[in-house]
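Ligands are counted one by one from 1 in listed order, and the atoms in each one are counted from 1 as well. Please read these numbers as outputs of a predicted model, since none were measured by experiment.
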Amino acid sequence: MKVNDKMEIVNCSKDDFDKIITDITDFWGSNRTLHLHHPLLIHEFQDTAYVIKDGRTICAYLFGFYSQAEPIAYAHLLAVRNNYRRLGLARKLYEHFIECARKKHCLKIKAITKPTNQDSIGFHKSIGMKLIGNETIDGINVVRDYSGPGEHRVVFIKDI
Ligand SMILES: CC(C)(COP(=O)(O)OP(=O)(O)OC[C@H]1O[C@@H](n2cnc3c(N)ncnc32)[C@H](O)[C@@H]1OP(=O)(O)O)[C@@H](O)C(=O)NCCC(=O)NCCS
């Protein structure tokens, strides 16, 4: 696959969201994150729900929102369709979200991932995000119990 000029970032429509749900395994390798794809992400947070399309195919998406507690832009879900990876699409989505977040006076961008998700850890480190965990599991900094008992998470943050 190749990136072309027509592959712009647009806000995610309901139709796009439904296509993502239908093809969830092409983005994640399984449907393990289905429960995280709540429709409120596009009904109430469409401003910060972005997709990149190649013709009618959705190749990548980022669903985020602005924290109500702190001036932080939170990237909740980021995924690139399996055969569109390593083309810079995830980086492009992040750059766009950061640009929008600065206009909303956010000072930081944040994301979390499971300690086993090497793709995600590799990607987030590559864009200069710092791991803020103060415990180490298998050599990776994590925040213990971040997502509930026994649910440790890698927490990434970066000034924007
Ligand atoms: C993580 C993910 C979003 C990266 O998307 P991508 O479009 O392939 O990433 P990019 O092409 O923008 O990569 C930018 C840089 O990140 C790093 N990177 C990306 N994927 C990586 C991987 N699997 N391992 C290590 N580093 C990686 C590289 O430095 C890369 O630059 P390079 O290709 O010039 O070496 C993608 O692998 C994915 O969708 N995975 C499944 C869903 C998922 O786990 N999402 C993250 C949940 S928080």
Not counting sequence neighbours, list each pair that qualifies as a salt bridge (charged side-chain N to carboxylate O under 4.0 Å, His left out) and has a residue in residues 97-117. Lys108-Asp159

side-chain contact (heavy atoms from CB on, under 4.5 Å) for Asn134 and Asn141? Distances and angles first, verdict last. CA-CA 6 Å; Asn134 47 12; Asn141 279 49; over 6 Å; no

Contact residues of ligand 1 (heavy atom under 4.0 Å), by chain and number: Phe27, Trp28, Leu78, Ala79, Val80, Arg85, Arg86, Leu87, Gly88, Leu89, Ala90, Arg91, Ile112, Thr113, Asn117, Asp119, Ser120, Gly122, Phe123, Ser126

Any luck finding a side-chain donor-acceptor pair between Tyr61 and His37 under 3.5 Å? yes

For Glu135, which residues count as a side-chain hydrogen bond (donor to acceptor under 3.5 Å, both in side chains) partner, sequence neighbours excluded? Arg144

Tell me if the centroids of the rings in His152 and Tyr146 come within less than 6.0 Å of each other. no

Quick test of your reading: applying salt bridge (charged side-chain N to carboxylate O under 4.0 Å, His left out), list the pairs with at least one residue in residues 42-65, sequence neighbours left out, ordered by first then second residue. Asp16-Lys53

